[in-house]
Amino acid sequence: MAQQAVIGVTGLGVMGRNLARNFARHGYAVAVHNRTPTKTKALMEEFGHEGDFIPAETPQEFVASLARPRKMVIMVQAGASTDAVIDEYAPLLEPGDILIDGGNAHFADTRRREQALRERGIHFVGVGISGGEQGALEGPSIMPGGSPEAYESLGPILEDIAAKVDGVPCCTYVGPDGAGHFVKMVHNGIEYADMQLIAEAYDLLRKASGMAPGEIAETFRTWNEGRLGSYLIEITADVLSHVDKATGKPFVDIVLDQAEQKGTGRWTVQAALDLGVPVTGIAEATFARSLSGHVDMRGAARGLAGPSGGGLGSSFADAVEQALYASKVVAYAQGFNEIQAGSAEYGWNIDLGAMATIWRGGCIIRAKFLDRIREAYETDPATPTLLTDARFAAEVGDAQDAWRDVAVTATRSGIPAPGFASSLAYYDGLRADRLPAALIQAQRDFFGAHTYRRTDREGVFHTQWELDDRPEARTDA
Ligand code: 6PG
């Protein structure tokens, strides 16, 4: 009888390929399959010598090569592709087999899939895998859900290939059905917040202290020796000291400052809203990414007033009135943007000015200034944000020094004023010339090969960070 594989991997993108190599390097015979066989062939040619790989061209061949109970890992893009692969494989499996989803699936999808497969006697194990491509190869952190029974046979293999700290594997049974993917989702939400905070720290050092990226890299290296020591701080230092070969400029300056996201941060916030958990830092980080991508609003808001540096010359009550007014304009601007986006998404063709008109009386948020909103949309029905309407821009511009002062007073006095502070950050985010979203894009490219766009050329790029002397690669060419 032909040799049987202990485990299999289908989907040989960067993560799948590296995970398969990790199994093989740990001495497990591993079956490998990809929808298009070129990737399987490439894996065998480049890395076949690393261990016991059993290549398969068809799902049938792949399943037949697995020892029972079969254990197969699906490493495809989360969403519809995962369902398609499950539909393809489920009829080929038998009760007791273990189907493992190693992608960043939504935990609700994992719960649904687990239940459907449980009814057929198949164990469905949703596994969160973190560590990017390098982690998948050299030892990731692994968060498996599913049945305890499945973990009994699968767990030791996963623990074997996981990262180890002080000899302890970074893998443990998390809980039933969607628990593993839920924990991975929250991991990513924290990742978003961590990256946003680092980006803000960089931006402050650059803009408020005038430090160059290379100097900030040194600061981060020093911090990495202390209590902030972490992978993200370490790679941030590497990113900040990297020089773009084409232009000789600091790399961070040629990256387009529009941060992208695949959705796990957003899911974390959505789940937290449902659970009633105030994850404000994660939400701000998620919204900061989304703000950075609103090119239309940012373009229109670029000329809005910034701090004048002058004294206030008014009472504190007057300053609070101004902060209240400016923050209120931000709230309405955000709400109307949401209606605009909902209308476009669902094809409702909502007249924004008319909504302002019917809110002028009767409703709870009725207010004098809804008339002004109506007028703003009359003047420009497609205005990207109310903040750039001439009258609101002038008023908020006049109020913003006082607004800043109130936010500082609140901060200094230990009085929580998240509404004022967050609205002000939104205003400043929109009017910023450059956002540290560029650093977030560079970090994403560093740890996950997520690619970035440049300020000076069209296209999608990836830097081969581990090989500093290689030119930047254009991935869409
Ligand atoms: C990890 C990462 C990984 C991926 C993120 C990126 O833990 O290894 O989190 O899962 O890089 O999904 O997410 P965004 O594309 O949303 O930034």
Side-chain angles (χ1 to χ4, degrees), residues 11 13-19 22 73-79 81-82 100-107 109-110 126-145 158 161-163 170-171 174 180-199 230-236 239 255-271 279 281-293 435-453 460-463 465-466 475:
V14 182
M15 289 295 285
R17 183 188 64 190
N18 283 359
L19 198 66
N22 190 349
V73 187
I74 304 171
M75 290 300 286
V76 299
Q77 205 175 356
S81 313
T82 311
I100 302 138
D101 176 13
N104 272 331
H106 193 287
F107 72 94
D109 284 336
T110 304
V127 177
I129 302 179
S130 179
E133 45 182 320
Q134 195 191 352
L137 180 63
E138 289 167 9
S141 173
I142 308 181
M143 295 147 257
L158 298 182
I161 65 148
C170 295
C171 172
V174 178
H181 276 145
F182 186 90
V183 168
K184 175 59 168 51
M185 173 190 79
V186 175
H187 163 281
N188 280 25
I190 295 170
E191 174 183 302
Y192 275 43
D194 210 344
M195 291 167 73
Q196 175 65 21
L197 295 172
I198 291 171
S230 62
Y231 174 71
L232 282 172
I233 293 276
E234 181 190 322
I235 70 162
T236 302
V239 167
V255 176
L256 203 65
D257 59 346
Q258 294 168 27
E260 291 170 48
Q261 50 183 310
K262 296 216 185 65
T264 44
R266 185 174 68 240
W267 294 345
T268 309
V269 179
Q270 287 168 338
V279 293
I282 296 172
E284 285 293 349
T286 308
F287 283 127
R289 285 197 192 188
S290 123
L291 182 149
S292 75
L435 286 171
L439 178 58
I440 289 176
Q441 282 300 83
Q443 291 169 326
R444 293 176 70 250
D445 190 62
F446 194 111
F447 67 67
H450 292 303
T451 71
Y452 59 88
R453 288 183 292 150
V460 176
F461 297 86
H462 168 55
T463 292
W465 294 94
E466 74 285 9
T475 60

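Note that ligands are numbered from 1 as they come in the structure, with each ligand's atoms numbered from 1 the same way.
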Heavy-atom contacts with ligand 1 below 4.0 Å: which residues, ordered by chain and residue number?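 Within the 4.0 Å shell of ligand 1, which is judged on heavy atoms, sit Asn104, Ser130, Gly131, Gly132, Lys184, His187, Asn188, Glu191, Tyr192, Gln261, Lys262, Gly263, Arg289, Arg444, Phe447, His450.
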Distance-minimising heavy-atom pair for Arg444 and His450: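 Scanning both residues, the minimum pair turns out to be O-CD2, 3.3 Å.
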Once salt bridge (charged side-chain N to carboxylate O under 4.0 Å, His left out) is applied, do any residues pair with Asp445, and if so which ones, sequence neighbours excluded?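 Testing Asp445 for salt bridge (charged side-chain N to carboxylate O under 4.0 Å, His left out), a comparison that skips the adjacent residues, returns none.
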In terms of heavy-atom contacts, does CZ of Phe287 have more than 12 from other residues, nucleotides or ligands at under 6.0 Å?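 No, the 6.0 Å shell around CZ holds no more than 12 heavy atoms from other groups.
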Flag yes if more than 12 heavy atoms outside Glu138 fall under 6.0 Å of its CD atom; otherwise flag no.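 Counting other residues, nucleotides and ligands, CD of Glu138 exceeds 12 neighbours.
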Partner of Trp267 by ring-ring contact (aromatic ring centres under 6.0 Å, His included), out of His106, His181, His187: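 Among His106, His181, His187, the one meeting ring-ring contact (aromatic ring centres under 6.0 Å, His included) with Trp267 is His106.
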Test Glu260 against Gln441 for side chain to side chain donor-acceptor pair (under 3.5 Å), laying out the working first. CA-CA 7 Å; Glu260 291 170 48; Gln441 282 300 83; 3.2 Å; yes
